[in-house]
Number of protein chains: 2
Amino acid sequence: MERTARTPSNQIGPDVLRAALAILDEEGPDGFTVRAIAQRASVAPMALYNHFDGVNGVLEALWIEGFDTLRHAITFASASAQEDLVKAGRGYRQFALENHGLYTVMFMHRFRNFEPSLEASQVAAQTYEALVLNVGRCQDLGLFDRSSARDAAQVIWSACHGYVSLELLGINFAADRDATFELLLATLQNGLR
Amino acid sequence: MERTARTPSNQIGPDVLRAALAILDEEGPDGFTVRAIAQRASVAPMALYNHFDGVNGVLEALWIEGFDTLRHAITFASASAQEDLVKAGRGYRQFALENHGLYTVMFMHRFRNFEPSLEASQVAAQTYEALVLNVGRCQDLGLFDRSSARDAAQVIWSACHGYVSLELLGINFAADRDATFELLLATLQNGLR
DNA sequence: ACAACTATAGAACAATGTTCTACATTAATG
DNA sequence: CATTAATGTAGAACATTGTTCTATAGTTGT
């Protein structure tokens, strides 16, 4: 085969990640193979081993990128803690719907032999802490008083994750998905009081 | 290799399913291979093709078994609709924790080339209907009046699924997982009113 | 007892992740 | 600018995956 022009070193990493993400978004985990990613990135398969730790390294990078992006998507700091929390809920869902691939890596698929490293787990924990912080602000205002901020945050995250997770799986039976998600947010707000 | 004594036809199906489930429970999707399942069932790999439609056939059988079992786990018909609904929530979680393998097939992993058939999807829908029925009973009693039974059911299912899903993934940060799940159930009850 | 099933072992195939090697291109150094 | 060191590329190679096919032998039903 003809030898293709080689890609500059500092561009291979981002190229591979973008290609891997595009494949995950479009084809799901099935299409996520070393050769497919390399071809899509116009790069040699070996690039995944030179620039990452193979497939798992790519997954780890995506996992971290995912939780970092999610943290930003649910972080608001307006005057109203309660409004911030609602925005966080909507931001959570929007992130999931717009980043199906990342969400798959983070929550919806166990990739072969992949286990997030300690560092990656800490990034995930930081994202959770951002939510706990927000819930804590609501509690300081006396909005939630039934439980600890950590537990309330776990309930909120669970509900949002469950909703978008079933939505992405195609098991959402609601007539109006946007409206039913708002019902979920209202239920949490009302129920945690 | 020595030819092993052959297994009676009518026992191969159940044997394969039990073996597949045991592997999923113990090793997760990684260990779920034709050869591993066959070996665990003391059966030839070909058995998965003679008795099921290959790996996908086994997954389909597990999917149906899973939703059938789940339907029974959340179905109660006592005098109190509200109490039945709480029991359904607890039953949902108990099912997930006790059947990690089945729950993985149903909700937590996209197996390669596997898409549930129409029949399988209908079994899943029936499970959902069991929940809708229960929610409808609560609404008839005036317990929930904010929304349709279908939408309220979707919210409840989402919350429960999200909680146990994160729990099974090891992303549950609650100090007392049982208590926090009860908080979730109470939040739903209180919030949908 | 005989005939029809059907479970078994094993070869074979393409596709997977991964490693290794030879080579060509880029970048750094004198 | 010329030479050297890095590093990206193509391709072979290996074990493992799902799957199909074949020949053989044990089981079942008549």
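Below, chain A is the first sequence line, B the second, and so on; all start at residue 1. Hydrogens, waters and symmetry mates play no part in the numbers below; they use all other heavy atoms, side chains included. Just so we're clear, the structure is a prediction, and the values are computed from it rather than from any experiment.
Checked against the 6.0 Å centroid criterion, the rings of A:Phe181 and A:Tyr92 do not qualify as a close aromatic pair.
Using a 3.5 Å distance cut-off with no hydrogens or angles, the side chains of B:Glu83 and B:Ser78 do not pair a donor with an acceptor.
One can place CG of B:Asp15 at 15 Å from C1' of C:dT8, the figure rounded to the nearest angstrom. Rounding to whole angstrom units, CD1 of residue A:Ile12 and C1' of C:dA27 are separated by 14 Å. Atoms CE (A:Met46) and P (C:dA24) sit 18 Å apart, rounded to a whole Å. With rounding to whole Å, A:Gln39 atom CD is found 11 Å from D:dA10 atom P. For the pair A:Asn50 CG and C:dC20 C1', the computed distance is 12 Å after rounding to whole Å. If you measure from atom CZ of A:Phe52 to atom C1' of C:dT18, you get 17 Å, rounded to the nearest angstrom.
Here A:His109 pairs with A:Phe111, B:His109 under the ring pair (Phe, Tyr, Trp, His ring centres under 6.0 Å) rule; sequence neighbours left out.
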Just the atom pairs and distances: protein N or O near nucleotides 16-19 of chain D's N or O, under 3.5 Å.
from, atom 1, to, atom 2, distance (Å)
D:dG18, OP1, B:Val34, N, 3.2
D:dG18, OP2, B:Val34, N, 3.0
D:dG18, N7, B:Arg35, NH1, 3.0
D:dG18, O6, B:Arg35, NH2, 3.4
D:dT19, OP2, B:Tyr49, OH, 2.9
D:dT19, OP2, B:Val55, N, 3.2
D:dT19, O5', B:Tyr49, OH, 3.1
D:dT19, O4, B:Arg35, NH2, 3.2

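Minimum atom distance to the side chain of B:Pro8 is reached by D:dT28, of the listed D:dT28, D:dA10, D:dG8.
No donor-acceptor pair closer than 3.5 Å links the side chain of A:Asn172 to the backbone N or O of A:Glu167.
If you check every strand for non-hydrogen atoms under 4.0 Å, B:Leu48 touches nothing.
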